[in-house]
Asks: 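The structure's right below; bear with me while I get my questions together.
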4 protein chains.
Amino acid sequence: MRVTKDPQIRKQEILETAMTLFEQNGIGKTSMSDIAKEANVTKGLVYYYFSSKDELVEAVVALFVRDTNQRLQQIVEGSSLTFYEKLLQIMTLYFVTIQEHLKFVEASPANAGIYELIKNSLSESALVQTKDFIKQATEEGILTIDYPEYTLKILINGIADLYLEGVHNPKIFATLIEQTLALPKGSLQLK
Amino acid sequence: MRVTKDPQIRKQEILETAMTLFEQNGIGKTSMSDIAKEANVTKGLVYYYFSSKDELVEAVVALFVRDTNQRLQQIVEGSSLTFYEKLLQIMTLYFVTIQEHLKFVEASPANAGIYELIKNSLSESALVQTKDFIKQATEEGILTIDYPEYTLKILINGIADLYLEGVHNPKIFATLIEQTLALPKGSLQLK
Amino acid sequence: MRVTKDPQIRKQEILETAMTLFEQNGIGKTSMSDIAKEANVTKGLVYYYFSSKDELVEAVVALFVRDTNQRLQQIVEGSSLTFYEKLLQIMTLYFVTIQEHLKFVEASPANAGIYELIKNSLSESALVQTKDFIKQATEEGILTIDYPEYTLKILINGIADLYLEGVHNPKIFATLIEQTLALPKGSLQLK
Amino acid sequence: MRVTKDPQIRKQEILETAMTLFEQNGIGKTSMSDIAKEANVTKGLVYYYFSSKDELVEAVVALFVRDTNQRLQQIVEGSSLTFYEKLLQIMTLYFVTIQEHLKFVEASPANAGIYELIKNSLSESALVQTKDFIKQATEEGILTIDYPEYTLKILINGIADLYLEGVHNPKIFATLIEQTLALPKGSLQLK
DNA sequence: GATGAATGAGGGTTCATTCAT
DNA sequence: CATGAATGAACCCTCATTCAT
């Protein structure tokens with residue numbers, strides 16, 4: 001039967017359904033039919049809102065990046081937290097984010113460059129968002145290393161990879177982060 | 001027209017053609033037809049040598065991993081090099097390798113686990129290969145940090161990502177490596 | 001060019017086209033492409049209605065069995081006919097049916113059990129349908145043999161085979177049926 | 001390695017291998033490669049002896065028919081047996097034959113008419129072989145029905161079908177045969 | 001006689017995309 | 001806005017057959 005909804009809501013529904021399926025099965029293994037079916041909508045309507053699979057993929061990625069950014073911003077701007085607490089939350093955010101959305105890392109027949117797209121989008125915004133955070137820590141004498149932003153990124157990406165490869169011990173992570181950022185031993189308490 | 005070749009050579013040709021195309025366009029976007037065409041061969045012959053696309057993909061991955069391993073081994077066992085020189089070469093190897101074969105990072109519809117496969121294969125061997133290298137450096141007092149293997153991996157993966165995101169300045173890399181491994185400032189000279 | 005039809009009609013068209021081609025050339029030698037072409041439709045549409053060749057084959061078989069059953073039922077329930085007339089019509093039905101659909105007797109690479117499927121489907125229903133018919137004739141003293149249902153089946157299958165092998169003389173058939181069912185000589189008049 | 005054999009033996013080996021595989025998996029699902037592999041021979045050699053799959057199929061059928069005939073002949077000419085014993089053996093031969101070679105009944109992409117081919121070949125020879133057998137029984141007054149050959153065929157084919165459909169009780173078969181051939185009750189003892 | 005690499009046509013299937021309604 | 005029937009191109013794979021050696 002025909003169900004009419006507010007266009008914006010419909011579009012959002014389709015977008016989120018696509019996101020869910022992409023995460024679950026990967027982009028390449030998610031067909032437009034799958035998305036339409038799961039969203040209780042016809043294929044035609046999906047194409048009404050997104051003129052191609054590519055466009056839909058990009059919209060999903062944009063949504064994902066926007067979400068992540070928002071969370072990052074909330075952490076950074078959370079004034080009541082200490083540097084170490086914020087650092088912790090940032091690391092956690094990236095772990096969770098990368099883990100949850102790992103399937104994006106796939107090649108889609110439609111959009112082979114998706115991996116770079118996501119990575120760059122996230123990185124770029126991460127740099128912007130953490131700039132002040134890092135600047136402040138540097139001024140306060142907590143961070144003393146050169147290129148702290150790059151170092152943070154290396155940590156994030158590098159540790160995420162470690163995590164994905166099966167290393168899960170929080171103590172090890174704490175030590176690695178402390179060492180890499182030249183923080184005092186024991187300053188970081190990962191649970 | 002019909003061209004007969006030594007089976008081993010033919011198989012190798014097909015394998016290398018596949019590798020090239022996979023790198024260029026990704027696994028998902030490379031069809032068996034593409035490979036056959038590029039190798040001046042019929043599809044049937046590709047299947048004569050590799051009974052499925054999956055098998056071909058696996059063969060390519062195996063070849064790639066084997067190659068990388070070999071190069072790594074050569075570096076580590078190169079007795080005339082200093083620790084710093086070896087470290088340099090290892091980093092370079094991973095940069096180049098990862099860059100060249102970036103498209104492997106895709107999951108194919110046929111073989112969704114390829115990303116992990118490669119990553120794990122490489123990581124595992126990297127750990128094994130660099131174990132002695134690191135142990136020696138530690139004993140010589142050059143490396144003083146905890147979890148040096150993990151740190152090295154973080155560096156490799158993290159820096160590779162930085163590189164892919166557009167950071168190319170060797171001085172920055174040198175500084176980052178020195179800092180992260182707690183090496184003396186200026187000990188590393190990247191050209 | 002694009003021609004849209006009522007889905008039920010379209011599906012039926014495809015089904016009947018498939019049936020015709022299966023009968024003409026056999027299931028194994030009839031490709032989905034052949035069916036699509038003959039039905040003036042694209043392969044994609046065939047798959048839109050039947051998700052695999054197997055499913056299409058099964059649908060065709062089901063249709064065929066249903067048809068045959070219906071005709072059988074009409075004969076058996078035709079109250080105005082004598083036992084001999086009904087017997088005649090039943091025999092004729094099976095001759096025609098088996099002849100027309102002889103090619104079904106093949107096993108398809110896709111559905112190796114099709115032969116048994118058809119045969120059993122037909123047999124089972126034949127037994128059910130003719131049960132009352134036989135019971136009544138037995139009670140009336142027309143049929144005096146043991147295992148009349150089995151005998152009827154032997155007759156049907158056996159005579160069908162004879163027919164297919166080239167024996168077409170109705171008098172011979174009449175005699176054979178009379179003898180086998182132990183009916184009075186001359187009771188059956190095949191035209 | 002290259003193994004040279006007497007051509008006739010080689011051809012026979014291939015033929016028998018093909019027969020076995022056809023019976024096991026059906027003609028359609030048996031590829032020339034399968035045959036070659038199973039016969040420890042290359043595809044080329046199979047084609048050296050049989051210029052096409054069709055030809056090979058026909059050769060297999062011919063072999064099968066010849067075999068069956070031979071066995072039939074042995075039964076019929078076995079002078080020490082009574083009519084009933086011979087009848088029994090004939091029925092058994094057909095049951096076994098049909099069961100063992102059921103897979104021939106499939107469509108081959110190469111030879112769609114195989115079913116008829118076999119059936120006709122067997123029937124024709126059966127008629128010839130049993131002619132004397134029947135004639136003698138008729139003269140001796142054992143067989144009194146009209147068209148005894150046809151009746152025998154109906155029995156063979158019809159009972160074989162019954163058997164395939166799951167009826168296995170020897171007593172039922174005995175009764176059916178007795179009835180159909182108008183033999184005295186209890187004259188046939190199937191074990 | 002014998003090999004097995006090589007061909008080429010076709011088979012079943014999937015899916016992004018279009019369009020008449 | 002919404003439907004879903006229809007398209008068409010591509011994809012992976014199989015196999016009878018050929019032919020240079």
Side-chain angles (χ1 to χ4, degrees), chain A residues 1-7 10-11 28-36 41-49 51-54 56 109-110, chain B residues 1-7 10-11 28-34 36 40-54 56 109-110, chain C residues 1-7 10-11 28-36 40-54 56 109-110, chain D residues 1-7 10-11 28-36 41-54 56 109-110:
Chain A
M1 88 232 98
R2 188 190 184 102
V3 177
T4 303
K5 289 196 184 178
D6 180 90
R10 246 306 138 74
K11 192 171 181 179
K29 285 199 164 177
T30 302
S31 70
M32 293 298 265
S33 288
D34 292 340
I35 295 167
V41 141
T42 55
K43 256 192 287 191
L45 198 62
V46 177
Y47 275 91
Y48 179 78
Y49 287 112
S51 66
S52 73
K53 192 179 180 181
D54 267 25
L56 179 50
Chain B
M1 91 235 91
R2 198 182 190 105
V3 177
T4 302
K5 293 194 182 180
D6 180 278
R10 241 315 132 71
K11 191 171 182 179
K29 281 200 156 180
T30 302
S31 71
M32 293 299 265
S33 288
D34 291 342
N40 287 317
V41 140
T42 54
K43 245 190 299 185
L45 197 63
V46 176
Y47 277 92
Y48 181 77
Y49 287 109
F50 302 93
S51 65
S52 71
K53 191 180 181 182
D54 267 26
L56 180 50
Chain C
M1 92 234 92
R2 198 181 189 106
V3 177
T4 302
K5 293 194 181 178
D6 179 277
R10 239 316 131 72
K11 190 171 183 177
K29 281 201 158 181
T30 302
S31 71
M32 294 299 265
S33 289
D34 292 341
I35 295 166
N40 285 318
V41 140
T42 55
K43 249 192 293 186
L45 197 63
V46 177
Y47 276 92
Y48 181 77
Y49 287 109
F50 303 93
S51 64
S52 70
K53 190 178 182 183
D54 266 27
L56 180 50
Chain D
M1 90 230 97
R2 192 190 181 104
V3 178
T4 302
K5 290 196 183 178
D6 179 89
R10 248 304 139 75
K11 190 170 181 178
K29 285 200 163 177
T30 302
S31 70
M32 294 298 264
S33 287
D34 292 341
I35 296 166
V41 141
T42 56
K43 257 193 284 192
L45 198 63
V46 177
Y47 275 91
Y48 179 78
Y49 287 113
F50 303 93
S51 65
S52 72
K53 192 179 181 181
D54 268 25
L56 179 51

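So that the names make sense, note that chain A is the first sequence line, chain B the second, and so on, each numbered from 1.
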Asks: Counting only side-chain nitrogens and oxygens, does A:Lys53 get under 4.0 Å of the OP1 or OP2 atom of E:dA16?
Replies: yes

Asks: Mind checking side-chain hydrogen bond (donor to acceptor under 3.5 Å, both in side chains) for C:Ser52 and listing every partner two or more places apart, or none if nothing turns up?
Replies: none

Asks: Using whole Å, what does the distance between atom P of nucleotide F:dT14 and atom NZ of C:Lys29 come to?
Replies: 21 Å

Asks: Rounded to whole angstroms, how far apart are OH on D:Tyr49 and P on F:dA16?
Replies: 20 Å

Asks: F:dA6 P sits how many Å from A:Met32 CE, rounded?
Replies: 21 Å

Asks: With DNA chain E as reference, determine whether D:Tyr48 or A:Ser33 sits nearer its 5' end, using the nearest nucleotide of each.
Replies: D:Tyr48

Asks: Between P on E:dT13 and CD1 on C:Ile35, what's the gap in Å once rounded to a whole number?
Replies: 11 Å

Asks: Nearest heavy-atom pair of D:Arg10 and D:Val3: which atoms, and what distance?
Replies: NH1-O, 3.2 Å

Asks: Could you tell me how far apart B:Lys11 (NZ) and E:dG4 (C1') are, to the nearest whole angstrom?
Replies: 15 Å

Asks: Rounding to an integer number of Å, can you tell me how far B:Asp34 CG sits from F:dC11 C1'?
Replies: 10 Å

Asks: How far does NZ of C:Lys5 sit from CG of C:Asn40, to the nearest 0.5 angstrom?
Replies: 8.0 Å

Asks: With heavy atoms under 4.0 Å as the rule, sort D:Lys5 into base, sugar-phosphate or nothing.
Replies: sugar-phosphate

Asks: Test of understanding: with side-chain hydrogen bond (donor to acceptor under 3.5 Å, both in side chains), list the residues that count as partners of D:Thr42, not counting sequence neighbours.
Replies: none

Asks: For D:Leu56 and F:dT17, what is the distance between atoms CG and P respectively, to the nearest whole Å?
Replies: 10 Å

Asks: So do the side chains of D:Met32 and D:Phe50 get within less than 4.5 Å of each other, counting heavy atoms only?
Replies: no

Asks: Using a cut-off of strictly less than 4.0 Å, decide whether D:Arg10 has a side-chain nitrogen or oxygen near OP1 or OP2 of E:dG1.
Replies: no

Asks: Please compare A:Lys43 and B:Ser51 by the position of their nearest nucleotide in DNA chain F and report the one closer to 5'.
Replies: A:Lys43

Asks: Taking side-chain hydrogen bond (donor to acceptor under 3.5 Å, both in side chains) as the test, write out the residues that go with D:Ser51, two or more places apart.
Replies: D:Glu55

Asks: Heavy atoms only: give me the nearest D:Leu45-D:Val41 pair and the separation to one decimal.
Replies: CB-CG1, 3.6 Å

Asks: Name the nucleic acid region contacted by B:Phe50, choosing base, sugar-phosphate or nothing; use a 4.0 angstrom heavy-atom cut-off, strictly under.
Replies: nothing

Asks: Identify which nucleotide among E:dC15, E:dT13, F:dT7 has an atom closest to any side-chain atom of A:Ser31, counting heavy atoms from C-beta outward.
Replies: E:dC15

Asks: So, does A:Thr42 get its side chain near the phosphate of F:dT3, meaning an N or O under 4.0 Å from OP1 or OP2?
Replies: yes

Asks: Hey, what do you get for CG (C:Leu56) to NZ (C:Lys11), rounding to the nearest 0.5 Å?
Replies: 10.0 Å

Asks: Would you write the dot-bracket representation of DNA chain E, where each base gets (, ), [, ], | or . depending on whether it forms a Watson-Crick or G-U pair under 3.5 Å and with which partner?
Replies: .||||||||||||||||||||

Asks: What does the list of N/O pairs under 3.5 Å between the protein and nucleotides 19-21 of chain F look like, with a distance for each?
Replies:
none

Asks: For residues D:Val46 and D:Lys53, determine if any side-chain heavy atom of one lies less than 4.5 Å from a side-chain heavy atom of the other.
Replies: no

Asks: Not counting sequence neighbours, which residues clear side-chain hydrogen bond (donor to acceptor under 3.5 Å, both in side chains) with A:Lys43? List them please.
Replies: A:Ser33

